[in-house]
Amino acid sequence: MFEKGQLQMKLNRILPLVAVAALAPSLGLAQDAEAAAPAVSEEVVWIFNSLLFLIGGFLVFFMAAGFAMLEGGLVRSKNVTMQMTKNIALFSLAAIMYWLIGYNLMYPLGDWAIEGYFSGLFPSWGVLEPVGVALADADDPSYASTGSDFIFQLMFCAATASIVSGALAERIKLWPFLIFVMVLTGFIYPLTASWQWGGGWLSEAGFSDFAGSTVVHACGAAAALAGAIVLGPRLGKYKDGKINPMPGSNLALATLGTFILWLGWFGFNGGSQLAMGSAGDVADVSRIFSNTNMAASAGAIAALVLTQVMYGKPDLTMVLNGALAGLVSITAEPLAPSLGLAMIIGAVGGVIVVLTVPLLDKLKIDDVVGAIPVHGFAGIWGTFAVVLTGTSTVGAQVLGMVAIIGATFILSLVFWFILKAVIGIRVSEEAEMNGLDVAELGMEAYPDFTKG
Amino acid sequence: MFEKGQLQMKLNRILPLVAVAALAPSLGLAQDAEAAAPAVSEEVVWIFNSLLFLIGGFLVFFMAAGFAMLEGGLVRSKNVTMQMTKNIALFSLAAIMYWLIGYNLMYPLGDWAIEGYFSGLFPSWGVLEPVGVALADADDPSYASTGSDFIFQLMFCAATASIVSGALAERIKLWPFLIFVMVLTGFIYPLTASWQWGGGWLSEAGFSDFAGSTVVHACGAAAALAGAIVLGPRLGKYKDGKINPMPGSNLALATLGTFILWLGWFGFNGGSQLAMGSAGDVADVSRIFSNTNMAASAGAIAALVLTQVMYGKPDLTMVLNGALAGLVSITAEPLAPSLGLAMIIGAVGGVIVVLTVPLLDKLKIDDVVGAIPVHGFAGIWGTFAVVLTGTSTVGAQVLGMVAIIGATFILSLVFWFILKAVIGIRVSEEAEMNGLDVAELGMEAYPDFTKG
Amino acid sequence: MFEKGQLQMKLNRILPLVAVAALAPSLGLAQDAEAAAPAVSEEVVWIFNSLLFLIGGFLVFFMAAGFAMLEGGLVRSKNVTMQMTKNIALFSLAAIMYWLIGYNLMYPLGDWAIEGYFSGLFPSWGVLEPVGVALADADDPSYASTGSDFIFQLMFCAATASIVSGALAERIKLWPFLIFVMVLTGFIYPLTASWQWGGGWLSEAGFSDFAGSTVVHACGAAAALAGAIVLGPRLGKYKDGKINPMPGSNLALATLGTFILWLGWFGFNGGSQLAMGSAGDVADVSRIFSNTNMAASAGAIAALVLTQVMYGKPDLTMVLNGALAGLVSITAEPLAPSLGLAMIIGAVGGVIVVLTVPLLDKLKIDDVVGAIPVHGFAGIWGTFAVVLTGTSTVGAQVLGMVAIIGATFILSLVFWFILKAVIGIRVSEEAEMNGLDVAELGMEAYPDFTKG
C-alpha cells in the first residue's frame with residue numbers, strides 16, 4: 001500500500017530535482033554553476049541516510065547499557081544481578097519480537113514488504129534487502145537501506161521496554177516481566193507507534209512527535225504505570241503513613257548510565273531526522289544535536305537548583321533524572337526550537353521530575369528509578385511543547401497523547417492483570433526481603449562487599 | 001607484489017565503471033539518466049570507505065574497555081587492579097607491536113609498503129600516507145586511506161590479546177603475560193591472519209571468515225587454551241573432585257563490559273565489509289548490523305532459557321557469555337544469512353557456551369571468564385556455519401580452522417613453556433591467596449569496601 | 001569581520017577548484033577523466049565536514065562521562081556522590097554558558113553572527129542556521145553547518161572545566177566550584193581560546209596548537225592549579241613532613257574512565273582536522289587517529305615501565321594517567337608526526353606524569369587525580385613537541401603557552417581569591433572528615449558497602 005519512506009513523511013523531497021540537476025551539463029545549463037553541478041547524487045544521498053541510521057542505531061543501542069547502569073545503580077545491591085538479567089534479556093527479546101512481528105505490524109505491508117516476507121529462511125522472516133543490492137532494486141531508492149531502517153527502528157522499540165524495567169524493579173518476577181516485554185515489543189508498541197510513524201490515523205490527524213516523547217517515552221511510562229499499579233509497592237516502602245527511602249546502591253553507576261543515555265540520545269533524536277544527504281538535512285541534524293544537548297543540560301541544572309531550594313541540598317538522583325527529563329522533553333520537537341527555547345523546554349522537564357517524584361509516592365505508586373516522571377510526565381510536557389514552535393496544535397497533541405498513552409495503559413493493565421492471575425508476577429515476601437539475586441538467581445552482584 | 005585492497009577481496013569492483021559513468025554526459029548518454037549520473041565519484045567512495053574504518057576503528061577500540069570491564073567484573077575483588085593493569089597494558093603493547101612488526105608481516109609488502117617502510121622517523125616505521133595526500137597519490141585509490149585501514153586492523157589484533165587475559169586471570173604474573181602479548185600481537189596473530197586476510201594460501205584455498213570467528217576469536221582462544229594448560233588452574237578451583245565456584249566480584253561491571261563489546265561488534269563486523277561507498281555496500285553494512293544484533297540477542301536468550309531449564313535458575317554470567325557467543329558465532333559470516341538464520345546461528349552459540357563451560361571444568365582447565373568457550377568453541381561453530389549460507393565448503397572451513405587454531409595453539413604452547421622455564425609465569429601461592437593486587441601491585445581496587 | 005571557517009585556517013581551500021571541475025564536462029575537458037569528474041561537490045564536502053563535527057561532538061561529549069568515572073574512581077568512596085554531582089553539573093553549566101556568552105566571545109562577530117544574534121527566542125540567543133537551510137544560505141558554505149561547529153566547540157569548552165573538577169576534589173564546596181565553572185566556560189576559556197582559534201593575535205604570531213594541548217588542556221590545568229593553591233591540600237594529606245596516600249575507591253571505574261577518555265580523544269583530535277570532504281582530509285583524520293592511539297599507548301607503557309623501575313611495582317593509576325598524558329601530548333600536533341615520532345611524544349608524556357606527580361606533592365599542591373601533571377605538564381611538553389615536526393618555532397610556542405597559561409592562571413587565581421573571600425570555597429573540617437557526600441548532600445554513593 002505505502003512505501004515506508006513516504007509514510008515517515010520526512011523524506012527528502014528534493015531528490016528528483018537533484019537527479020535532474022545531474023543531467024544539467026548536457027542540457028546546456030553549464031553556464032549556471034549552481035544549477036549545473038549535481039549537488040548530491042541519489043546514491044550518495046542514500047548512503048548518507050543509511051549511514052545516519054547506522055550511527056543512530058549503535059548510539060541508541062548503547063542506551064540499553066545506559067538503562068541497565070542507571071537502574072543497576074538505583075536499586076539496592078541485593079537486586080543488581082536481577083536488574084542486569086532483566087535488562088539484557090529485555091533488549092534481546094525486543095530484538096527478536098520486533099523482527100518477528102513488530103516491524104511489519106508497525107509499517108503496513110507494501111509490495112516490497114510482502115515480497116520480503118517470504119524470502120528469508122522461513123516465511124515472513126526476511127525483511128532485509130538482498131546482499132549487494134543495486135540502488136534501483138532497493139526497497140526505497142529515495143530513503144535508506146531497509147537494514148539500516150530496521151536496526152534504527154528496533155532500538156526505539158527496545159527503549160520502550162527498558163523504561164518499564166526500572167519502574168518495576170526489586171519485586172517483579174523475571175519471567176512474567178519478560179513475557180510482558182514480548183507483548184509490549186511485539187504488539188503494543190508497534191501498534192500504537194504505527195498510528196503515528198506507520199502512516200496511520202494520528203499522523204493524518206496532525207499529531208506531531210518528532211522522535212517519540214509520546215510514541216516511545218510516554219508509551220513506555222504508561223506500560224510501567226500499569227505494571228506498578230498491578231504489582232504494588234515494595235515491602236516497607238510506604239509504612240505507617242511514611243515514605244521510606246530505599247537508596248540506590250551505586251550512584252557512580254547511575255551517573256554513568258545517565259551519561260550513556262545522554263550520548264545515545266544524540267542518535268535517538270538526530271537519527272530521527274531520517275535524512276542526512278543534503279545541506280539542509282545535515283544542518284537539521286546539527287540543530288537537533290545542539291538542542292538535545294541544551295535541553296539535557298537545562299534539565300539537570302533546573303533539578304539541581306530546585307532541589308537545593310526545596311530541600312537545602314542538591315539531590316544527585318534528581319539531577320540525573322532532570323537531565324533525562326530534559327532529554328525526553330525535547331524529543332517531541334528537537335529541530336524547530338531555538339537554543340533558548342530548547343533550554344526552557346528542558347528546564348521545565350527537570351522541574352516536572354522534581355515535583356512529580358514525590359507525587360507518585362503520595363499515591364503509593366512505587367517507581368524505583370523515577371521512570372514514570374521522567375519518561376511519562378516529561379514526555380507529556382514535551383509533546384505539548386511542540387505547540388510552542390507552531391508545528392502542531394494543542395488539539396492534535398492532546399489527541400495523540402490520549403490515544404497512545406491511553407491505549408498503551410489499558411492494554412498493559414489488562415495484560416498485567418492476566419499475568420498476575422495466571423502465573424503471578426510478584427516474588428515471595430521472603431525473596432523480596434533477602435533480595436532477588438540470591439532468592440531467584442542464586443548469584444550476588446557484589447559478593448565480596450559486606451552489606452550494610 | 002599485491003596491493004592490500006585487492007588482497008582483501010572485498011573491493012568495490014564497480015568503481016572503474018563509476019569513473020566512466022562520470023564522463024557520460026559529455027559522451028552523449030545524457031538521455032539515459034541512470035547511465036549518465038555519476039553515482040558516486042571515486043573520491044567520495046574513498047572517503048566513505050575510510051570513514052567506515054574510522055567509525056569501525058573507534059567502536060572496536062572501545063571493545064578493549066569492554067573486555068576490561070567484563071574481566072574486571074568476573075574476577076574476585078582482590079585481583080581487579082591487576083586485571084585492569086593487564087588490559088590497558090596489553091592494548092598498548094598490541095598497538096606498538098602491530099605497528100612495529102605485525103601490520104607489515106600480515107600484509108605482504110607491495111610497492112607502496114616498501115616505500116612507506118623507509119619514510120618515517122626510523123626505517124620501517126612509516127606506514128601512513130603523507131599529510132594531505134591527493135587521491136591519485138594514495139596507496140590504493142580504490143580502497144581507503146592507509147591510516148584508516150591501519151587503525152581498524154590494529155584493533156582486531158588487540159582484541160585477540162584481550163581474549164587471552166580473561167582466561168588466565170587471577171594467577172599469571174604481569175610481565176610474562178605481557179611478553180606473551182607482544183609475541184602474539186607482533187608475530188603469531190599477524191602470521192596466521194596473513195594466511196587469510198593477507199592474501200595468503202588459506203584465502204586461495206577457499207576458506208571464508210568474514211570478520212574473524214577463527215582468525216581473531218578462535219585464534220585468541222587457542223592462545224588462551226595453551227596458556228591455561230601450561231599455567232594450571234587457580235588454587236582451590238578443583239579440589240577433592242569438586243569444582244569450587246569463585247564468583248565474580250562485580251556483575252554490574254561485567255554486564256557493562258558485555259554491552260560495550262556488543263556495541264563494538266557493530267564496528268567489528270560492519271567495518272569488515274571494508275567498503276561503504278555504494279548502495280550495495282552500505283546496504284550490506286546494514287544487513288551486517290542487523291544480523292550481528294540478532295545473533296547476540298539469540299545467544300543471550302538461548303543461554304537464559306537453557307540455564308533456566310538445566311539449573312532451575314537463569315545464570316547471568318551465562319547470559320552475558322551467551323550474548324558474546326552469539327556475536328562470535330555470526331562473525332564468520334554476518335552478511336549472507338537472513339535474520340532467521342542469524343538467530344539460529346547465534347542461539348546455537350549461546351547453547352554451546354552453556355554446555356562447554358562445565359566441560360572445560362571437567363578437564364580441569366581453568367578459564368576464569370569463559371573465554372575459551374565463547375571465543376573458541378562458538379568461533380568454531382560460527383566458522384562451520386558459513387557453510388549454511390553456501391559461501392564456503394566444510395572442507396575449506398575445516399582446513400582454515402585446523403591451520404589457524406592449530407598453528408596458534410602450538411606456537412603459543414611452545415612459547416608459554418619457554419616463558420615458564422625461563423622466567424616463570426605464575427605468582428607465588430601466597431600472592432595468589434592474598435590477591436595479586438596487594439601482593440604484586442600494592443594497590444587495592446576497592447580499598448574502602450570490606451572484603452567478604 | 002571574519003567568517004569562522006576562514007579564521008580556523010584549516011579550511012579546504014581546494015573547494016573552489018572542485019566547483020570549477022564540476023563544470024568540466026561542458027567545457028570540453030571530458031577527454032581528461034581526472035579533470036572532468038567532479039570529485040566531491042561542494043554540498044557533499046559540507047555534509048562530510050558537518051558529519052565529522054557531529055561524530056567528533058558525540059565522542060568528545062562522552063569524555064564528560066570519562067572524566068566523571070576517572071575522578072569518581074580516584075576519590076574516596078565518601079566523596080563519590082559529590083564528584084558525580086560536580087561533573088554532571090559542570091558539563092551542563094558549560095553547555096549553557098558557552099552558548100550564552102562563550103561561543104560568540106570566542107569567534108569575533110561576523111555578519112552572520114550578528115544576524116543570528118538577534119534571531120532566536122531572545123536577543124543574542126540564536127546561533128544556529130534556520131531549519132532546512134540551503135547550502136547557498138548557510139553561514140559558511142565552504143565549511144560546515146553552524147550547529148555542528150557549535151556542538152563540537154562546546155565540548156572542548158566543557159572539557160576544560162572537567163579538568164578542574166578532578167584536581168580540586170574532596171574538599172571544595174559545590175556552589176563556589178560551579179560559579180567558577182561558569183566564569184571559566186563563559187569567559188576565561190573563550191577569551192584565551194579566541195586568541196588562537198578565534199583568529200586572534202596568537203594565531204597570527206605563528207603559535208600552533210592543533211587540537212588544544214595548551215588551549216584546552218594546559219588552560220584547564222592552569223585554572224586547576226590556581227584553585228589548588230587557593231584551596232589548599234586535603235586534611236592530613238601532608239602531615240609531619242610525610243605525604244599520606246589517599247587511595248582511590250574504585251580503580252575499575254577509573255580504568256573505565258580512562259578508556260572512555262581515550263575513545264573520546266579520537267573525536268577530540270580527529271574532529272579538529274575540521275574537514276573530511278576530500279581524500280587528503282579523510283587521510284589526515286586517519287593519520288590523526290593512528291597517531292593519537294599510538295601516543296596514548298606509548299604513554300601507558302612508559303608509565304608502566306618507569307613505575308616498575310622506580311618503585312619495583314607497576315602503578316595502575318600512573319599507567320592510566322600515562323595514557324592520558326600521551327593523549328594530551330599528541331594533541332598539539334597529532335597530524336604531522338610519523339607513528340614513530342608520535343610514540344616518542346606520547347612516551348615522554350607518560351614519563352613526565354610519573355616524575356611530576358611526586359613533585360607537586362613536594363610543593364604541597366594537592367591534585368587529587370593528577371590533572372595538573374596530565375593536562376598541564378604533558379600539555380606543555382606537547383606544545384613544545386610541535387617544533388619537532390617543523391610546524392612551528394620554539395619562540396611562537398613559548399609565546400602561546402605563556403599567554404594562555406599565564407592569563408588563565410592569573411584570571412583564575414584572582415577569581416578563586418574573590419570566591420574565597422566572598423563566600424568561601426572550602427567545606428568545614430568536619431564535613432571533609434565525614435565525607436562531602438553525607439555532609440553536603442546527605443546521600444552516599446555506595447550505601448550498601450561497609451567502609452574500611
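What you see is a predicted model; the values in this text were computed from it and never measured. Naming: A, B, ... by sequence-line order, numbering from 1 per chain.
Your options are A:A303, A:P247, A:A283, and the one with the most heavy-atom pairs under 4.5 Å with chain C is A:A283. Here C:P130 is the residue among C:G72, C:A94, C:P130 with the most heavy-atom pairs under 4.5 Å with chain A. Of the residues considered (C:I55, C:L441, C:L135), C:L441 shows the highest number of contacts with chain A, using heavy-atom pairs under 4.5 Å. Ranked by heavy-atom pairs under 4.5 Å with chain C, the list A:Y311, A:F259, A:F289 is led by A:F259. Options C:I151, C:I260, C:V131, C:I96 differ in how many heavy-atom pairs under 4.5 Å they form with chain A, and the most are formed by C:V131. With respect to chain A, the highest number of heavy-atom pairs below 4.5 Å among C:N87, C:V80, C:L93 belongs to C:L93.
Relative orientation of the C:F61 and A:W262 rings is tilted, given thresholds of 30° and 60° on the angle between their planes. The aromatic rings of A:F268 and A:W265 sit tilted relative to each other, their planes meeting at an angle between 30° and 60°.
The aromatic ring centroids of C:F152 and C:F156 lie less than 6.0 Å from each other.
If you measure heavy-atom distances from A:I288 to chain C, you find no contacts under 4.5 Å at all. C:M69 touches chain A through its side chain: at least one heavy atom from C-beta onward sits under 4.5 Å away, while N, CA, C and O do not. Both the backbone and the side chain of C:F58 come within less than 4.5 Å of a heavy atom in chain A. Interface residue A:F266: only side-chain heavy atoms are found under 4.5 Å from chain C. Heavy atoms of C:Q83 lying under 4.5 Å from chain A are absent altogether. Of the two parts of C:A64, the backbone and the side chain both hold a non-hydrogen atom closer than 4.5 Å to a non-hydrogen atom of chain A. Proximity to chain A is absent for every atom of C:A158, based on heavy atoms less than 4.5 angstrom apart. Both the backbone and the side chain of C:I88 come within contact range of chain A, with heavy atoms under 4.5 Å apart. Only the side chain of A:F48 comes within less than 4.5 Å of a heavy atom in chain C; its backbone stays farther off. Of the atoms belonging to A:L59, it is side-chain heavy atoms, and not backbone ones, that fall under 4.5 Å from chain C. In this structure, chain A has heavy atoms under 4.5 Å from both the backbone and the side chain of C:V133. With a threshold of 4.5 angstrom between heavy atoms, A:L52 does not approach chain C through any atom at all. Residue contact with chain C, scored on non-hydrogen atoms closer than 4.5 Å, is absent for A:T307. Using a 4.5 Å cut-off between heavy atoms, A:N250 touches chain C through backbone and side chain atoms alike.
In this structure, C:S142 and C:N49 approach most closely via the heavy-atom pair O-ND2, 4.3 Å.
Inspection of the A:S278 and C:E43 side chains reveals no N or O donor paired with an N or O acceptor under 3.5 Å. Side-chain atoms of A:D284 and A:S286 form no donor-acceptor pair, as typed in the model, at a separation below 3.5 Å. No side-chain donor from either of A:S249 and C:D448 sits under 3.5 Å from a side-chain acceptor of the other. Side-chain contact, C:T255 with C:T258: no donor N or O sits under 3.5 Å from an acceptor N or O.
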**Study point:** CA sep, side-chain torsions, deciding dist, call: A:E170, A:R76, salt bridge (Lys or Arg N to Asp or Glu O under 4.0 Å)
**Key:** CA-CA 8 Å; A:E170 303 204 299; A:R76 289 165 292 175; 3.2 Å; yes
Review point. Does the pair A:R287 and C:E129 meet the rule for a side chain to side chain contact (heavy atoms under 4.5 Å, CB included), with working shown?
Key: CA-CA 8 Å; A:R287 282 183 67 93; C:E129 285 147 341; 5.8 Å; no
Exercise for review: Would you sort out whether C:Y143 and C:D149 count as a side chain to side chain donor-acceptor pair (under 3.5 Å), showing the intermediate values?
Suggested key: CA-CA 9 Å; C:Y143 182 56; C:D149 179 76; 2.8 Å; yes
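Side chain of C:T81 to backbone of C:M443: a donor-acceptor contact under 3.5 angstrom is found.
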